[in-house]
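In what follows, every chain begins at residue 1, and chains take the letters A, B, ... in the order their sequences are listed. These figures come from a predicted structure and were not determined experimentally.
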There are 2 protein chains.
Amino acid sequence: MTVTHASGFRAAGLTVGLKDSGRPDLSLVVNDGPSDAVAAVYTSNRCKANPVLWSQQASADGRARAVVLNSGGANCYTGAFGFETSRLTAERTGELLETTPEDVLICSTGLIGVGGQDFRDRIVDGLPALVEAAHAGVDDGRAAAEAIMTTDTVAKTIERTAAAGAGEYRLGGMAKGAGMLAPGLATMLVILTTDADLPASVLDRALRHATAHSFDRLDTDGCMSTNDTVVLMGSGASGVTPDEESFTALLTDACLDLMRQLHVDAEGAHHDIAITTSGAASVADAVTVSRSVARSNLFKAAIFGEDPNWGRVVAQVGTTDAEFDPARIDVTINGVRVCTDSTPDADPDSVVFTREVSVDIDLKSGPHTGTVWTSDLTHDYVEENSAYST
Amino acid sequence: MTVTHASGFRAAGLTVGLKDSGRPDLSLVVNDGPSDAVAAVYTSNRCKANPVLWSQQASADGRARAVVLNSGGANCYTGAFGFETSRLTAERTGELLETTPEDVLICSTGLIGVGGQDFRDRIVDGLPALVEAAHAGVDDGRAAAEAIMTTDTVAKTIERTAAAGAGEYRLGGMAKGAGMLAPGLATMLVILTTDADLPASVLDRALRHATAHSFDRLDTDGCMSTNDTVVLMGSGASGVTPDEESFTALLTDACLDLMRQLHVDAEGAHHDIAITTSGAASVADAVTVSRSVARSNLFKAAIFGEDPNWGRVVAQVGTTDAEFDPARIDVTINGVRVCTDSTPDADPDSVVFTREVSVDIDLKSGPHTGTVWTSDLTHDYVEENSAYST
């Protein structure tokens, strides 16, 4: 069901020839309303891709009827021609859906620098069939989710149903992304839909909270994408208006679910690592410390080798400006306290490794906690990313 | 000759059994004066190793007669016992050299967490033979340079002789370090000697300038060590006092030479990459932009695969707070302008790769330039760092 789990939404996905592999590459999600509320967050990279530049201005009014997404080319660093491609795509989709171009958001993913005349023609020429497929309602949302995959090995989707008063409302979602997952989002596209009846301002607050506590804390390789986009569309079709707090909680839960799906499918990863810092003077300190460890190639290579090298953890803590006493740091790996007060404790050989690895750091400087998720640094990561465009 | 190229210095290196390999592991450099001026810079990591904590306080008065260095154990995160080991080493060396413990600096390199009773005993018991070897003058500085190697494949040394007025003075140096080479130095130990007659205050200014323009701009894997130390000792034995500017220039040149030797020997590197940002509004902007690219695993993996993936360069520029127009960035790889005004230019296939790779970024925002050196991300890097301690 993915994005169509929420009532008021249709979706479609098909192949227009953007990928050499011949796999699906063009995707559409349409909000039939009655509401057309939308909220979105975009990459904090200052060198943004053209679809992001387009969508930022198109979503600024809190209204959108559709999102067109493509894989097989990021349309990034393609200059004015590339921006015009995004605009033309929105214009043509708007005509087909009988709405304005500014009600259509655009997302692209794939290689940077790809976005020439062929790319434009194949997308624009494919739009009538795409809109027709969405109208026909033949897609349960699966095709749309598959057409946005790049190096993903599986489609990532979520569905949630929640009671509110006498009624119920739904959330649906799809995501893609397997590399460049880093702060302020990732090469990650996420479309979330809900039939809850909420104004754009509430959707916006809820979305910012949810992404800050989920996607923003997934940092697989420290690299920040140029195309990251998370869109939340509200159709209001359920007629139900949940209170903001419970809606935010459900949305955050859904985003954490998608984040975990992205995490376990990260390019070349052999271990899924959760780094939790506790005893921090603030949540910001906890996240900073966890993220500094998540960024250490030496630490990530050690985990690949199943070496519980806690020294590389403490060394990373030392690179931050968080509040702590350098002589009082504890490190626990997979439940074994290998370092107490910044000195060796339990025998590292007693640490048992599985696919999931937990690293717990105690700063003993306050009551706050924060987790950042990352992947190990593997031969497969090097291989995938040295051969991606060739 | 290494550190003994400058007159007034003796050195020695020998094996005391700290390394399983049985290779040399204990090293000594003695300054016979007449001056005992010293300057030193240490890692900016807040979780510093015990020898750094010792040497920081011992060198604070600008005076030192000797440095004892060991490989085969970093004596880091070994608690009060480890600090006492550094102090005992200085005390025993001071007795043998008939000076105070505070005139003896200590440097250690190797695995974090290693620094127990055996480690202490072997070092302290080895000191008489070490001092005797230095007194005998049998070492031309080579043994000292070899005894500080860890994963280094070659010893790194420099020698310089310069005229000043009617006389001449000399600089000698040795360095180790092959991984964790990152900002504010690296797992890097550098001992520099000079027979120029300069007070500690001048040595300090010259050393800070030289390291800021050399070692601080080598960032092979973004990881900051806990043990980094650069020491400059001045014996004054030449009786020559060069002007500060020319001494600083010679010292900077010597440090750049050592930095290049560290760079080409970086763990697992297949390509030595120089990232130069020009057209920057400030030197700090230029270095920030170059360093952000040097830290990108995606970029570094692409260079390993000899893929001139300029999109990953522009994307990294976008993560910085430097002054630039996102639509006006040029990228040149090995002399081929593959990106002009943030759009594709020359065919990337025309880039020819060799061991040395130059990446030039033009921000078109000012007159300043800065280079950061890094290595590619290779299978060998992953292998060496996942198997290091096992």
Counting heavy atoms not belonging to B/Asp347, are there more than 12 under 6.0 Å from its CG? yes
When the 4.5 angstrom heavy-atom criterion is applied to B/Ala302 and chain A, the contacting part is both
Those residues at least two apart in sequence (or on a different chain) that pass salt bridge (Lys or Arg N to Asp or Glu O under 4.0 Å) with A/Glu84 are A/Arg87
Quick one: sort the A/His271 and A/Phe353 rings into parallel, tilted or perpendicular, breaks at 30° and 60°. perpendicular
**B/His270 and B/Phe304 aromatic ring geometry - parallel, tilted or perpendicular at 30°/60° bounds** = perpendicular
Inset, instruction - Take the angle between the ring planes of A/His379 and B/His379 and call it parallel below 30°, perpendicular above 60°, tilted in between. - result: tilted
Cut-off 4.5 Å, heavy atoms of chain A, and the answer for B/Thr378 is backbone
Assert top hit (heavy-atom pairs under 4.5 Å, partner chain B, pool A/Leu377, A/Thr343, A/Val314) equals A/Val314
The salt bridge (Lys or Arg N to Asp or Glu O under 4.0 Å) partners of A/Asp341 (sequence neighbours excluded) come to A/Arg328, A/Lys364
So, the part of A/Phe324 with a heavy atom under 4.5 Å from chain B: the answer is both
If one checks every heavy atom of B/Thr319 against chain A at 4.5 Å, the contacting part turns out to be both
Bottom line for A/Ile329: the part with an atom under 4.5 Å from chain B's heavy atoms is side chain
From the list A/Pro348, A/Ala49, A/Ala322, A/Gly82, the residue making the most non-hydrogen contacts under 4.5 Å with chain B is A/Ala322
